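Only one structure is covered here, and it is reproduced in the block below.
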Amino acid sequence: MDRAAKLTPHLDRIASPADLRGLSDSALGDVAAELRNEVIESVATTGGHLGSSLGVVELTVALHAVFDTPRDKLIWDVGHQCYPHKVLTGRRDRMATLRQEGGLSGFTKRSESQYDPFGAAHSSTSISAALGFTIGRDMGQPTGDAIAVIGDGSISAGMAYEALNNAGAEGRRMFVILNDNEMSIAPPVGAMSKYLSGLYASPLGNLQQAAEGFEAALPGPLRDHARRARQMVTGAVGAKGTLFEELGFQYIGPINGHDMDQLLGVLRAARARATGPVLIHCCTVKGKGYAPAEQSADKYHGVGKFDPASGAQAKKRPNAPSYTKVFGQALSDLAANDPRIVGVTAAMPSGTGMDIFARAHPARMFDVGIAEQHGVTFAAGMAASGLKPFCAIYSTFLQRGYDQIVHDVALQNLPVRFAIDRAGLVGADGATHAGAFDVGYLSALPNMTVMAAGDEAELVHMVATAAAHDLGPIAFRYPRGEGEGVPMPETGEVLEIGKGRVLSEGSDVALLSFGAHLGECRKAAAKIEAAGLSVTLADARFAKPLDHALLTRLARNHRALITVEQGARGGFGAMVLHTLAQDGLLDGKLAIRTMTLPDRFIDQAAPDAMYADAGLTATDIAATALQAAGADAEMVLGALGA
Ligand SMILES: Cc1ncc(C[n+]2csc(CCOP(=O)(O)OP(=O)(O)O)c2C)c(N)n1
Ligand SMILES: CC(=O)[C@@H](O)[C@H](O)COP(=O)(O)O
Ligand SMILES: [Mg+2]
């Protein structure tokens with residue numbers, strides 16, 4: 001993109017936030033206007049979280065202009081709205097690398113910049129982190145004020161209340177900016193959303209807003225008198241404090257988060273006067289200033305590359321249905337004949353396919369907001385009542401509800417069905433969103449059944465199996481994106497719990513796949529056979545309970561047994577090792593290798609590149625198998641086409 005052609009004279013002068021602090025208020029407005037266009041043009045070439053970023057352009061400029069970042073700690077909740085922040089904090093020239101291998105993260109990240117004091121991506125952590133920094137400041141650490149910017153969706157999560165509760169009680173000076181754009185990924189749900197809308201619809205709210213606007217325009221001493229008068233009036237009419245004031249925060253707002261004068265006035269006043277925790281309620285528009293985003297239902301929450309002139313997104317034709325769509329449709333079909341099936345999502349109906357289910361069964365899909373902990377125990381209550389709840393939560397976000405899975409579901413042996421999307425490596429969202437740990441953290445639980453779909457047809461069978469399984473909790477995992485393009489069954493067959501399947505018989509090497517790396521294992525098998533060894537390829541289907549008969553057969557009849565999974569150590573391969581040891585099959589004759597994700601976090605890249613980085617390509621699998629089977633180096637190199 002030819003920068004000269006874009007004419008951003010004001011933005012060009014901003015090498016760091018310090019350069020904002022010498023500008024006039026109107027010049028700051030000019031920077032914001034150019035910054036918005038910069039974000040649109042940049043995300044058009046990379047894709048990413050456009051809507052949220054456009055909603056905080058003025059807020060970002062004002063926060064960096066008023067506060068002394070990086071000494072003052074600006075903490076973005078989720079961090080998906082941080083693109084304007086990244087442009088202003090020295091990363092403008094790297095925005096073209098956003099969410100790509102070796103490039104900028106799509107979220108804030110400590111290792112990326114001193115202006116990113118706290119990493120994010122999972123929501124609702126910013127107030128807790130800000131309070132932590134505040135304690136640090138008060139105990140003499142070299143840090144200034146802490147400012148958490150949290151959205152109306154993110155503030156619906158329990159963790160945010162834990163933090164508000166604690167911060168309100170601590171009573172220490174810190175700032176929370178509630179960025180209220182009346183959107184989560186989908187339109188917001190929950191009583192909190194209604195409450196916030198009420199705050200700026202209330203007559204008092206409007207009066208307060210008018211008074212504050214008037215106040216902010218007054219010169220210093222007069223402004224103090226006006227403020228005191230307003231507080232007396234609101235006090236006199238017995239104005240009920242907002243929830244936030246009841247929790248010990250000074251509440252300011254609602255203010256217009258796109259009005260630079262209001263923002264600057266309120267932030268300057270708050271910074272000058274705050275002696276305790278302050279919450280500034282900022283009303284913004286998700287996708288602000290870009291018609292295609294403002295007009296779209298999801299406000300361009302997450303977009304691919306697009307034409308900035310029209311907003312038209314580059315749509316590539318899928319080769320196969322996505323696992324998400326296959327799940328949503330399979331569940332909808334089953335629910336048509338089973339009134340006990342209900343669905344639960346935590347603010348991600350479209351991401352999980354629960355939107356498909358909701359269109360078919362609107363009264364049976366429950367969106368609990370960003371509240372995975374509540375969602376799991378809510379589903380447990382449904383199961384205890386006799387319903388068949390399908391709790392559809394991404395692997396990475398399910399981590400948020402782990403104790404609820406242990407304590408409320410597994411321990412009580414309640415038949416909650418967990419539909420775990422985004423299992424394995426997810427690509428552009430990087431390490432924070434990797435679905436790496438669910439197999440380990442679920443297989444460790446008594447009563448839990450853990451499945452993984454080898455392809456999209458297997459997913460249909462697993463949905464049917466889960467629906468039929470009333471004996472206790474059951475989970476099935478599947479990756480982000482398209483399936484393998486295999487023939488699809490008319491309906492799902494109910495699988496025998498704990499039984500795997502053999503896809504091809506051999507005698508030298510056994511490849512035991514768990515989940516969607518089955519395709520890569522097929523390619524590896526071909527390479528191993530090309531090297532002259534015969535291969536048994538099996539799909540375990542279950543990590544718990546394991547198929548002991550299959551394991552015994554593979555262990556007894558092969559020189560080498562290789563397990564492969566799209567997950568971290570401590571998952572499927574570990575379960576196999578436990579079982580082989582218990583079954584006395586670790587006799588020293590069998591060469592065993594467990595192929596997992598490595599013991600490190602893997603940054604964003606295309607999924608194939610991430611799996612290559614993880615050492616899980618077909619070539620890696622073949623090399624591992626051949627070496628385990630005692631093939632000489634020449635044979636291995638030959639097989640690898642090296
Ligand atoms: C624990 C967790 N659950 C779900 C998500 C997925 N997610 C990312 S952004 C988002 C919506 C956030 O809404 P809001 O805080 O209002 O921010 P906005 O996008 O409106 O700026 C969700 C659900 C997440 N990042 N973390
Ligand atoms: C910011 C966030 O956490 C979500 O928007 C997430 O990026 C969605 O992931 P998918 O794109 O895989 O649905
Ligand atoms: Mg929002």
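Note that the structure is a prediction, hence the values are computed from the model and not measured. Numbering of ligands and ligand atoms starts at 1, following listing order.
Legend: residues meeting ring pair (Phe, Tyr, Trp, His ring centres under 6.0 Å) with His517, ordered by chain and number and at least two apart, are Tyr611.
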Return a table of N or O atom pairs, ligand 2 on one side and protein on the other, at distances under 3.5 Å, rounded to 0.1 Å.
{"unit_1": "ligand 2", "atom_1": "3 (O)", "unit_2": "His433", "atom_2": "NE2", "d": "2.7"}
{"unit_1": "ligand 2", "atom_1": "5 (O)", "unit_2": "His49", "atom_2": "NE2", "d": "3.1"}
{"unit_1": "ligand 2", "atom_1": "5 (O)", "unit_2": "His301", "atom_2": "NE2", "d": "2.8"}
{"unit_1": "ligand 2", "atom_1": "7 (O)", "unit_2": "His49", "atom_2": "NE2", "d": "3.2"}
{"unit_1": "ligand 2", "atom_1": "7 (O)", "unit_2": "Asp429", "atom_2": "OD1", "d": "3.4"}
{"unit_1": "ligand 2", "atom_1": "7 (O)", "unit_2": "Asp429", "atom_2": "OD2", "d": "2.5"}
{"unit_1": "ligand 2", "atom_1": "9 (O)", "unit_2": "Asp429", "atom_2": "OD2", "d": "3.3"}
{"unit_1": "ligand 2", "atom_1": "11 (O)", "unit_2": "Arg480", "atom_2": "NH2", "d": "2.9"}
{"unit_1": "ligand 2", "atom_1": "12 (O)", "unit_2": "Arg422", "atom_2": "NE", "d": "2.8"}
{"unit_1": "ligand 2", "atom_1": "12 (O)", "unit_2": "Arg422", "atom_2": "NH2", "d": "3.2"}
{"unit_1": "ligand 2", "atom_1": "12 (O)", "unit_2": "Arg480", "atom_2": "NE", "d": "2.7"}
{"unit_1": "ligand 2", "atom_1": "13 (O)", "unit_2": "Tyr394", "atom_2": "OH", "d": "2.6"}
{"unit_1": "ligand 2", "atom_1": "13 (O)", "unit_2": "Arg422", "atom_2": "NH2", "d": "2.8"}

Table of N or O contacts for ligand 1, cutoff 3.5 Å:
{"unit_1": "ligand 1", "atom_1": "3 (N)", "unit_2": "Glu372", "atom_2": "OE2", "d": "2.7"}
{"unit_1": "ligand 1", "atom_1": "15 (O)", "unit_2": "Ser154", "atom_2": "N", "d": "2.8"}
{"unit_1": "ligand 1", "atom_1": "15 (O)", "unit_2": "Ser154", "atom_2": "OG", "d": "2.6"}
{"unit_1": "ligand 1", "atom_1": "16 (O)", "unit_2": "Asp152", "atom_2": "N", "d": "3.4"}
{"unit_1": "ligand 1", "atom_1": "16 (O)", "unit_2": "Asp152", "atom_2": "OD1", "d": "3.1"}
{"unit_1": "ligand 1", "atom_1": "16 (O)", "unit_2": "Gly153", "atom_2": "N", "d": "2.7"}
{"unit_1": "ligand 1", "atom_1": "16 (O)", "unit_2": "Met183", "atom_2": "O", "d": "2.8"}
{"unit_1": "ligand 1", "atom_1": "19 (O)", "unit_2": "Ser52", "atom_2": "OG", "d": "3.1"}
{"unit_1": "ligand 1", "atom_1": "19 (O)", "unit_2": "His80", "atom_2": "NE2", "d": "2.8"}
{"unit_1": "ligand 1", "atom_1": "19 (O)", "unit_2": "Lys286", "atom_2": "NZ", "d": "2.7"}
{"unit_1": "ligand 1", "atom_1": "20 (O)", "unit_2": "Asn181", "atom_2": "OD1", "d": "3.0"}
{"unit_1": "ligand 1", "atom_1": "20 (O)", "unit_2": "Asn181", "atom_2": "ND2", "d": "2.9"}
{"unit_1": "ligand 1", "atom_1": "20 (O)", "unit_2": "Met183", "atom_2": "O", "d": "2.9"}
{"unit_1": "ligand 1", "atom_1": "21 (O)", "unit_2": "Asn181", "atom_2": "ND2", "d": "3.4"}
{"unit_1": "ligand 1", "atom_1": "25 (N)", "unit_2": "Ala121", "atom_2": "O", "d": "2.7"}
{"unit_1": "ligand 1", "atom_1": "26 (N)", "unit_2": "Ser123", "atom_2": "N", "d": "2.9"}

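Partner Arg422 forms a side chain to side chain donor-acceptor pair (under 3.5 Å) with one of Asp438, Thr324, Thr396 and no other, that one being Thr324. None of Arg91, Arg110, Lys109, Lys73 except one satisfies the side chain to side chain donor-acceptor pair (under 3.5 Å) rule with Asp116; the exception is Arg91.
Shown here for Leu597 and Ala436, the closest heavy-atom pair between the two residues is CD1-CB, 3.7 Å.
With hydrogens and angles ignored, the 3.5 Å screen pairs a side-chain donor or acceptor of Lys299 with a backbone N or O of Glu294.
More than 12 non-hydrogen atoms from other residues, nucleotides or ligands lie less than 6.0 angstrom from OH of Tyr195.
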(message) Quick one, Arg99 with Asp429, criterion salt bridge (Lys or Arg N to Asp or Glu O under 4.0 Å). Give me CA distance, side-chain angles, the key distance, then yes/no.
(response) CA-CA 7 Å; Arg99 294 160 42 94; Asp429 275 340; 2.8 Å; yes

(request) Take Lys288 and Glu58, measure what salt bridge (Lys or Arg N to Asp or Glu O under 4.0 Å) needs, and give me the verdict at the end. (result) CA-CA 10 Å; Lys288 177 73 177 177; Glu58 289 79 12; over 6 Å; no

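Taking 4.5 Å as the limit, some side-chain heavy atom of His49 sits within range of a side-chain heavy atom of His301. Two residues are said to be in side-chain contact when any heavy atoms from C-beta on lie closer than 4.5 Å; Gln399 and His122 meet this criterion. Using a 4.5 Å cut-off on side-chain heavy atoms (C-beta onward), His433 and Arg480 make no contact. Residues Val409 and Leu445 fail the side-chain proximity criterion, which asks for heavy atoms closer than 4.5 Å. Counting heavy atoms from C-beta outward, Leu196 and Leu178 have side chains that approach closer than 4.5 Å.
With a cut-off of 2.8 Å, the protein N/O/S atoms near the Mg ion (ligand 3) add up to 3.
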